[in-house]
Structures are given as C-alpha cells and as structure tokens.
2 protein chains.
Amino acid sequence: MVTNQIREILKDKNLKITPQRVSILETIFSLNNHPNAQQIIDAVHKKNPNISVGTIYKTLDTFVETGVIVKVRHIDESLRYDWRVENHHHLYVEDDNQIVDYINDELNLLLEDFFTKNRIPGFEIKSVKVHINGKYIQE
Amino acid sequence: MVTNQIREILKDKNLKITPQRVSILETIFSLNNHPNAQQIIDAVHKKNPNISVGTIYKTLDTFVETGVIVKVRHIDESLRYDWRVENHHHLYVEDDNQIVDYINDELNLLLEDFFTKNRIPGFEIKSVKVHINGKYIQE
DNA sequence: ATTGCTGCAAACTCTTTGCAAGTTC
DNA sequence: GAACTTGCAAAGAGTTTGCAGCAAT
C-alpha cells in the first residue's frame with residue numbers, strides 16, 4: 001500500500017492528513033493477521049516511537065467511526081481490527097498467536113443453505129463465521 | 001448443583017473445602033453462558049460481597065489447574081471459563097454480552113464431511129466451531 | 001484564522017502478586 | 001500443628017479521557 005493511496009483514503013473521509021495517521025494506517029495495512037490494539041501500538045512504535053499511545057487509540061477510534069477499518073468484536077472483550085469487509089473464516093493456529101484467513105465460497109454456500117433450512121427461533125442471523133482450530137504440521 | 005456435590009468435587013481434587021471455594025464454584029455452575037472472570041466476580045459478589053477479588057482470581061486458577069473447570073482461549077486474550085467439554089457452537093448476541101450454546105449434530109456432521117473432503121494443506125484441524133452472530137428479535 | 005489533532009498525564013479497569021493473619025484437616 | 005487459603009494492598013498491563021498547545025486546511 002503506497003502512502004499516496006493512504007492519503008487519498010484519509011481525504012475521502014474528510015480526515016486531516018497528519019504524519020501520525022498516515023503512519024498508523026500504513027502499519028495496519030502492513031500487518032497481515034487482524035492485529036489488536038496492542039500489536040498495532042508495538043508495530044507503530046517500531047517505526048515512530050514518538051507517537052503517543054493515546055493518539056493511537058484515538059486514531060483507531062476515528063478510523064472505525066469513519067469506516068476506514070472495522071472493529072471485530074469476536075467476543076465482548078477481544079477486539080481486533082481488520083480492513084476487509086467480505087465474510088471469511090479463520091484458522092486459529094495453536095501455540096502461536098496467529099489467525100489466518102480462510103476463504104472458501106463452497107463453505108459459505110453450505111452454511112447459508114444449512115441456516116436457511118434450520119432457522120433459530122427468535123434469532124436473526126447477521127453473519128456466520130467458522131473458527132478452525134489446529135496447527136501446522138510437517139507433511 | 002447441590003452444595004454436597006460441590007464439596008465432593010473439591011474433595012476429589014484434594015482441595016480444602018472453604019466457604020469461598022464452595023461459593024465460587026456454585027456460582028460458576030449457576031451461570032449458563034461461559035462467564036469470564038469479571039462476570040464470575042460480579043455474580044459471586046452479589047451473594048458474598050466480602051470475598052476478595054484476589055481470592056476469586058486465585059481460586060479460578062486453582063480450579064483450572066486441578067481440572068475442575070477449563071479455561072477456553074477463544075483468541076489469545078479472551079478468556080472464558082466452561083465446565084463442558086463436548087464440541088458445540090455459539091450464538092453471539094449483539095448489543096449484549098451473551099454467548100448462547102448452539103448444539104446441532106447435523107451441523108457437526110456437515111462440517112466434518114466438508115473438511116474431510118477439503119483438507120487444508122499442512123494444517124491439522126483439531127476442532128471446528130461456528131460463531132453465529134446476530135440478535136434476538138420479536139416474532 | 002479556524003478547526004481539529006497531538007502529546008502528556010491522570011485516571012480507570014482488569015488482573016497478578018507478596019505477605020501476614022486466619023482456616024482447614 | 002502443618003499446610004494451605006484468604007484478604008489486603010500494592011503494582012502492572014491495557015485503555016480512556018481532558019486539556020493546553022500545535023498543525024493542517
């Protein structure tokens with residue numbers, strides 16, 4: 001992701017283009033696997049140790065409010081940030097704090113079909129995500 | 001869950017039977033939906049405000065170490081406690097910190113079949129859990 | 001010049017830890 | 001009585017907030 005693209009994203013959202021925001025957004029785009037706030041802070045500080053923690057939290061809030069990124073509420077207290085919107089699933093890698101995207105349209109269709117046929121009374125489904133837990137092995 | 005059963009569980013694990021432990025375990029069994037530490041603390045304090053927070057945290061650790069309860073690491077920083085072992089799925093209720101069990105054998109079979117046919121190269125699957133996000137509605 | 005952003009510091013929540021006093025067996 | 005458990009208080013991590021000064025438009 002080039003800096004110019006980032007400046008354009010900010011401009012589109014009527015956000016002032018500051019070095020801090022550019023750097024933070026650049027960092028988020030450089031992190032592959034749904035970083036949480038702490039991981040973003042650490043990564044930002046590697047390049048710019050002088051950006052304050054408060055600023056980073058406020059910037060993340062701003063990005064979420066304006067739709068630059070989304071805040072994924074996996075469970076009430078576990079927040080992760082992602083800039084992708086499409087529905088996809090995740091591999092949770094054991095002994096490793098890694099979360100890898102798993103995209104499979106056939107699985108999406110299968111689940112959609114299942115939950116159409118098996119409605120949950122009184123419950124409106126917004127999205128269905130599959131968490132695949134396991135680990136990488138030598139083959 | 002009767003207090004006598006709880007005393008027996010503690011005795012089986014060679015844990016000293018203290019009023020605090022009985023009360024905490026009673027509370028955990030009374031909470032249906034995978035409470036986190038804070039929810040357990042709140043619930044315990046409703047009945048026994050004088051049990052200290054430190055004691056509750058230590059007791060939870062002790063229970064986990066001895067296998068009375070399990071600590072479920074949904075994602076690296078989101079811990080919830082549960083005493084059930086069987087594989088089941090969850091409804092994540094929006095605007096509400098509720099997680100409701102969703103048990104459906106047909107869904108389990110469907111997923112098992114899918115991932116048998118669609119192996120992920122180099123990845124050993126330990127478990128597959130479906131997170132159904134949505135909200136309750138008036139019907 | 002105006003608006004909005006940043007950095008700092010204080011404060012708050014959740015969790016962990018050490019230790020002296022108290023409780024269980 | 002020995003061993004373990006509790007409560008308290010201090011401390012640490014992560015996050016939020018207010019405000020004065022500063023930067024972007």
Side-chain angles (χ1 to χ4, degrees), chain A residues 3-4 6-27 35-45 47-66 68-69 71-81 97, chain B residues 3-4 6-28 34-45 47-66 68-69 71-81 97:
Chain A
T3 305
N4 274 348
I6 287 181
R7 304 173 73 86
E8 210 142 303
I9 291 171
L10 295 176
K11 212 165 82 182
D12 281 353
K13 304 291 185 181
N14 288 318
L15 295 174
K16 286 190 177 164
I17 298 167
T18 67
Q20 291 87 346
R21 283 176 174 171
V22 172
S23 173
I24 293 167
L25 195 47
E26 239 167 23
T27 302
N36 59 20
Q38 198 54 51
Q39 289 167 324
I40 294 171
I41 290 166
D42 292 344
V44 167
H45 279 170
K47 289 192 175 182
N48 304 69
N50 40 328
I51 298 180
S52 81
V53 182
T55 297
I56 299 175
Y57 278 109
K58 281 176 202 161
T59 303
L60 289 174
D61 283 350
T62 306
F63 286 168
V64 170
E65 279 164 23
T66 53
V68 177
I69 60 177
K71 199 194 265 184
V72 183
R73 185 171 283 268
H74 273 276
I75 307 189
D76 55 284
E77 72 275 82
S78 169
L79 299 177
R80 284 177 178 265
Y81 299 89
N97 286 338
Chain B
T3 305
N4 274 348
I6 287 181
R7 303 173 73 85
E8 209 142 302
I9 291 172
L10 295 176
K11 214 165 80 184
D12 281 353
K13 304 289 185 182
N14 288 318
L15 295 175
K16 287 188 175 161
I17 298 168
T18 67
Q20 290 87 345
R21 283 177 175 168
V22 172
S23 172
I24 293 168
L25 195 46
E26 240 167 22
T27 301
I28 294 173
H34 315 163
N36 60 17
Q38 196 55 48
Q39 289 168 325
I40 294 171
I41 291 167
D42 293 344
V44 167
H45 279 171
K47 289 193 175 181
N48 304 69
N50 41 328
I51 298 179
S52 81
V53 183
T55 297
I56 298 176
Y57 277 109
K58 282 176 201 160
T59 303
L60 288 174
D61 283 350
T62 306
F63 287 169
V64 171
E65 279 164 23
T66 53
V68 176
I69 59 177
K71 199 192 264 184
V72 182
R73 186 171 283 267
H74 272 277
I75 306 191
D76 52 286
E77 71 275 83
S78 169
L79 299 178
R80 282 178 178 264
Y81 299 88
N97 286 339

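These numbers come from the heavy atoms of this one structure, side chains and all, not from hydrogens, waters or symmetry mates. Letters A, B, ... are given to chains in the order of the sequence lines, protein chains preceding strands, and every chain is numbered from 1.
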Exercise. Find which nucleotide of DNA chain C each of B:P19 and A:T59 is nearest to by heavy atoms, and output the residue with the more 5' nucleotide.
Key: A:T59
Quiz item: Of the candidate nucleotides D:dG14, C:dC5, D:dT6, which contains the atom at the shortest distance from the side chain of A:R21?
Solution: C:dC5
Self-check item: Phosphate OP1/OP2 of C:dT23 contacted by B:Q20 side-chain N/O (<4.0 Å)
Solution: no
Quiz item: What is the distance, rounded to the nearest whole Å, between atom CG of B:L15 and atom C1' of C:dC25?
Solution: 13 Å
Exercise. Let me know the distance between CD1 of B:I51 and P of C:dG22, rounded to the nearest Å.
Key: 18 Å
Self-check item: Side-chain N or O of A:T18 closer than 4.0 Å to phosphate OP1/OP2 of C:dT6
Solution: yes
Quiz item: Are A:T59 and A:Q20 close enough that a side-chain donor and a side-chain acceptor fall under 3.5 Å?
Solution: no
Quiz item: What is the distance, rounded to the nearest whole Å, between atom CZ of A:F63 and atom C1' of C:dT6?
Solution: 13 Å
Quiz prompt | Passing candidate, side chain to side chain contact (heavy atoms under 4.5 Å, CB included) with A:L60, options A:I69, A:I41, A:T55 | solution = A:I69
Quiz item: Distance from B:I9 atom CD1 to B:N4 atom CG, nearest 0.5 Å?
Solution: 11.0 Å
Quiz item: Hey, does the side-chain of A:K58 have a donor or acceptor N/O within less than 3.5 Å of a partner on the base of C:dG4?
Solution: no
Quiz prompt | Distance, rounded to the nearest Å, where B:N36 contributes CG and C:dT13 contributes P | solution = 16 Å
Quiz item: Checking only heavy atoms, does the side chain of A:K16 share a donor-acceptor pair with the base of C:dT3 at less than 3.5 Å?
Solution: yes
Exercise. Report which part of the nucleic acid B:T55 touches: base, sugar-phosphate, or nothing (heavy-atom distance under 4.0 Å, all strands).
Key: base
Practice problem: Calculate, to the nearest 0.5 Å, the distance between atoms CD and CG belonging to B:E65 and B:L15 respectively. | Solution: 9.5 Å
Quiz item: Taking atom C1' of D:dG14 as reference, at what distance in whole Å does atom CD of A:Q39 sit?
Solution: 13 Å
Self-check item: Value in whole Å for how far the P atom of D:dA13 lies from OH of A:Y57
Solution: 13 Å
Practice problem: Mind grabbing the angle between the end helix axes of the helix from C:dA1-D:dT25 to C:dC25-D:dG1? Five pairs an end, 10° rounding. | Solution: 30°
Self-check item: Between C:dT24 (P) and B:R7 (CZ): distance, integer Å
Solution: 10 Å
Quiz prompt | Gap between atom CZ of B:R21 and atom CG of B:L10 - 0.5 Å precision | solution = 7.0 Å
Quiz prompt | DNA chain C: 5'-proximal contact among B:I17 and B:I41 (nearest heavy atom) | solution = B:I41
Exercise. Output the distance between atom CG (B:N50) and atom OG (B:S23), rounded to the nearest 0.5 Å.
Key: 9.0 Å
Quiz item: When you measure from the side chain of A:V53, which nucleotide among C:dT6, C:dT15, D:dT15 comes out closest?
Solution: D:dT15
Quiz item: Quick one: is C:dT15 close enough that its OP1 or OP2 comes under 4.0 Å of any side-chain N or O from B:Q38?
Solution: yes
Quiz prompt | Rounded distance (Å) that lies between atom C1' of C:dC5 and atom CG of A:D61 | solution = 14 Å
Quiz prompt | Atom of B:I17, atom of B:R7 and distance for their closest heavy-atom approach | solution = CD1-O, 3.6 Å
Exercise. Mind checking side-chain hydrogen bond (donor to acceptor under 3.5 Å, both in side chains) for B:T62 and listing every partner two or more places apart, or none if nothing turns up?
Key: none
Quiz item: Has the side chain of A:K13 got a donor or acceptor atom sitting under 3.5 Å from an opposite partner on the base of C:dG4?
Solution: no
